[in-house]
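Accompanying notes for the structure given below.
Order of listing sets the numbers, starting from 1, for every ligand and every atom in it.
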Amino acid sequence: MTKSKAILIGAGLANMAAAVYLIQEGHWQGDQITFYSIDDHGSNDGSPANEAAGEYWNKVHPLENTKGFVARGGRMLNYRTYVDLMDLLSRVPSATEPGMTAAEDTREFDANHRTFDKARLMEGGKGIINGGKLGFNNKDRMKLTELLLMPDSKEEKLDNVTIADYFKDDPHMFTTNFWYMWETTFAFRTQSSAQELRRYMHQMIYEFTQIEHLVGVNRTRYNQYESIMLPLINYLKEQGVKIVLNRRVTNFEFKDTPMQDEITVTALRMTNTETGEEEDVAVDDDTAVIFTNGSITDSATLGDFNTPAAENMDYGAAASLWKKATNRFYNLGNPDKFFNDRNASEWIS
Ligand SMILES: Cc1cc2nc3c(=O)[nH]c(=O)nc-3n(C[C@H](O)[C@H](O)[C@H](O)COP(=O)(O)OP(=O)(O)OC[C@H]3O[C@@H](n4cnc5c(N)ncnc54)[C@H](O)[C@@H]3O)c2cc1C
C-alpha cells in the first residue's frame with residue numbers, strides 16, 4: 001500500500017537521510033513527516049557539556065567539567081566509500097558556509113586541510129616506527145585473503161566466530177603493524193565478530209594501502225553536528241518536518257490479524273524524558289513507521305578526568321524497542337546477538 005506520511009523513530013543520520021529522500025525523490029510533503037527522538041544530539045553532538053550534564057544516561061555521575069562541548073571525535077569519512085553520504089550532503093545547504101552545499105563545504109575544507117598522519121605507531125625506545133611495513137607473514141596473508149575473498153553466500157561460516165577464533169592458528173596476526181593500525185582506526189577488538197571484520201575490510205579496502213598515514217581520510221570542517229546533522233536539521237525544518245525531541249519510544253502496538261503475522265504498527269507508546277509522562281501516538285493506515293534498530297550512541301555514557309564513564313547494562317532505547325518487536329515477530333532478527341554480551345560488543349572512544 002502506498003503511503004504519504006511517515007513517523008521516524010530517532011533523529012540520527014539514517015532517519016534524517018530517509019526524510020530527505022522521501023521529500024526529494026518520493027515527493028512527500030515535509031509537513032507529513034514527524035520525528036520522535038530522545039534528544040537532538042544523541043548521535044549528533046553539538047550541545048554544550050552543561051546541557052549533557054543532567055542527561056538521563058548521566059544522572060548518577062553529573063559531569064564535573066561542563067565548560068566545553070560534547071564532541072565524540074572528528075568526523076572521518078572517505079569519498080570513495082561514502083558515496084551515499086556525499087550524495088546526501090550535496091542535497092542540503094551548509095549550516096555554516098554561505099552559498100555552499102554541505103558536501104561542497106566538506107570538500108572545500110578537506111582539500112585545504114589534507115590528512116597526513118606522521119606518527120601512526122610508536123614503540124618503546126624507538127619512537128615513531130614505520131607503519132608502512134605492515135608486518136605480515138605468509139600465513140597472515142593467506143588468512144586475510146581468504147577472509148576478503150569469502151563470497152557472501154559463505155559468510156554464514158563465520159556465524160559466532162570471533163576475530164580471535166578466526167586467527168586462532170595464526171596469533172602472529174595480532175602482532176602486526178597492520179592489526180595495530182586497523183584495530184585502532186575502526187575500533188575492533190579480538191572478541192569482535194569476524195563477519196564484521198570481513199565487511200569492514202570490503203568497505204574500507206581503499207585504506208589498506210594508506211593506513212599508515214590515513215591520507216585517504218576526509219574530514220568535515222567542524223564536528224558531525226555542525227557539518228552533517230545541522231544542515232539536515234535546518235533543511236528538514238524548512239520543509240515543514242516536525243522534530244519532536246525528548247521522546248523515548250518504548251513500545252509498538254501492532255495490528256491484530258488472524259495469524260498475527262502482519263507487521264503493521266497502529267500506535268506508538270513513548271515516554272516524555274523531560275516530564276516522565278507516558279504518551280500514545282496513533283498511527284493511521286497512511287503512515288509508514290521507520291525505525292533503525294540499533295544505535296551506537298543511545299546508551300553511551302560520559303566520564304571526565306576524575307570519573308569513569310558510568311556503566312549502564314540496560315539495553316539502550318533502540319535495542320529494547322527492537323527486542324519488543326522480536327518478542328512478537330520471530331522474523332525480525334535477534335537483538336540479543338548484538339546487545340546481550342557487553343564484552344563482545346562494547347567499544348571505547
Ligand atoms: C565515538 C564515535 C565515533 C564515531 N566516528 C565515526 C567516524 O569517524 N566516521 C563514521 O563514519 N562513523 C563514525 N561513528 C559511527 C556513526 O556515528 C554511526 O554510524 C551513525 O551515527 C549511525 O547513524 P544512525 O542514524 O543509524 O544511528 P544513531 O546515530 O545512533 O541515531 C539514532 C538516534 O535515535 C535515537 N533513538 C534510538 N532509539 C530510540 C527510541 N526508542 N526512541 C526515540 N529515539 C531513539 C538515539 O538516541 C539516536 O539519537 C562514530 C560513532 C561513535 C559513537
Side-chain angles (χ1 to χ4, degrees), residues 7-20 34-47 52 55-58 70-86 88-89 106 110 115 184-188 196 199-200 203-204 207 214 216-220 222-225 227-229 232-233 236 243-252 265 268-274 278-279 281 289-303 309 312 314-325 335 338-339 345-349:
I7 289 180
L8 296 109
I9 302 172
L13 179 59
N15 278 350
M16 295 268 164
V20 170
T34 307
F35 283 83
Y36 292 102
S37 192
I38 292 172
D39 50 52
D40 59 350
H41 58 81
S43 53
N44 347 324
D45 300 1
S47 71
E55 292 244 335
Y56 62 96
W57 35 256
N58 209 42
V70 178
R72 291 193 170 112
R75 211 52 1 190
M76 283 173 32
L77 44 126
N78 77 46
Y79 297 145
R80 289 187 291 181
T81 302
Y82 286 58
V83 177
D84 296 338
L85 179 75
M86 295 313 289
L88 178 68
L89 297 183
T106 290
D110 183 67
T115 299
T184 50
T185 306
F186 300 117
F188 275 99
E196 197 180 355
R199 291 183 184 197
Y200 248 84
Q203 198 184 10
M204 295 298 177
E207 302 316 313
L214 292 179
V217 168
N218 308 109
R219 287 178 195 276
T220 54
Y222 299 114
N223 71 30
Q224 66 268 30
Y225 183 70
S227 293
I228 296 183
M229 300 310 293
L232 296 166
I233 293 167
L236 292 173
I243 303 180
V244 184
L245 299 176
N246 302 313
R247 297 295 186 283
R248 176 178 176 148
V249 178
T250 52
N251 214 344
F252 300 106
V265 178
L268 294 174
R269 169 140 280 231
M270 54 189 83
T271 309
N272 181 324
T273 53
E274 274 185 330
E278 297 293 304
E279 297 171 11
V281 172
V289 173
I290 299 178
F291 165 55
T292 43
N293 58 352
S295 169
I296 199 164
T297 50
D298 67 355
S299 52
T301 55
L302 297 179
N312 175 3
D314 295 344
Y315 273 32
S320 50
L321 187 57
W322 179 19
K323 194 163 164 63
K324 291 216 174 115
F338 297 87
F339 301 103
S345 60
E346 83 179 343
W347 58 284
I348 297 171
S349 175

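Between T115 atom OG1 and R219 atom CZ the span is 4.5 Å, to the nearest 0.5 Å.
Those atoms of ligand 1 that come under 4.0 Å of a heavy atom in D298, given as number and element, are 37 (C), 38 (N), 46 (C), 47 (O). Interface atoms of ligand 1 facing A317, defined by a heavy-atom separation under 4.0 Å, are 38 (N), 39 (C), 40 (C), 41 (N). Atoms of ligand 1 found under 4.0 Å from any heavy atom of M76 (numbered from 1 in listed order, with element): 7 (C), 8 (O), 9 (N), 10 (C), 11 (O). The L321 neighbourhood of ligand 1 comprises atoms 41 (N), with distances under 4.0 Å to a heavy atom of that residue.
Classified by interplanar angle (parallel below 30°, tilted 30° to 60°, perpendicular above 60°), the ring pair Y315/F339 is tilted. Ring geometry for F186 against Y200 counts as tilted: the plane angle lies between 30° and 60°, on a 0 to 90° scale.
Distances from atom 44 (N) of ligand 1 to the heavy atoms of I38, L245, T220, T273 put I38 nearest.
Looking at every heavy atom in both residues, M229 comes nearest to A11 through CE-O, 3.7 Å. When every heavy atom of V249 is checked against every heavy atom of M270, the shortest pair comes out as CA-CB, 3.8 Å. The shortest heavy-atom contact between G216 and N78 is O-CB, 3.2 Å. Minimum interatomic distance between L236 and A19 (heavy atoms only, all atoms of both residues): CD2-CB, 3.8 Å. A319 and P335 make their closest contact through O-CB, 4.4 Å (heavy atoms, listed as atom of the first residue, atom of the second, distance).
When heavy-atom distances to ligand 1 are checked against a 4.0 Å cut-off, I9 comes that close only through its side chain, counted from C-beta outward. For M270, no heavy-atom contact with ligand 1 is shorter than 4.0 Å. When non-hydrogen atoms are compared, ligand 1 lies under 4.0 Å from the backbone of Y36 (N, CA, C, O) but not from its side chain. Contact annotation: for V249 versus ligand 1, heavy atoms closer than 4.0 Å belong to both the backbone and the side chain.
Contact between L13 and ligand 1 is present, with at least one heavy atom of the residue lying under 4.0 Å from the ligand.
The shortest N or O to N or O distance between A318 and ligand 1 is below 3.5 Å. Residue T292 places no N or O, backbone or side chain, under 3.5 Å from any N or O of ligand 1. Close N/O approach between S295 and ligand 1 is found [any backbone or side-chain N/O within under 3.5 Å].
Partners of Y36 according to the ring pair (Phe, Tyr, Trp, His ring centres under 6.0 Å) rule, which considers only residues two or more places apart in sequence or in another chain, do not exist here.
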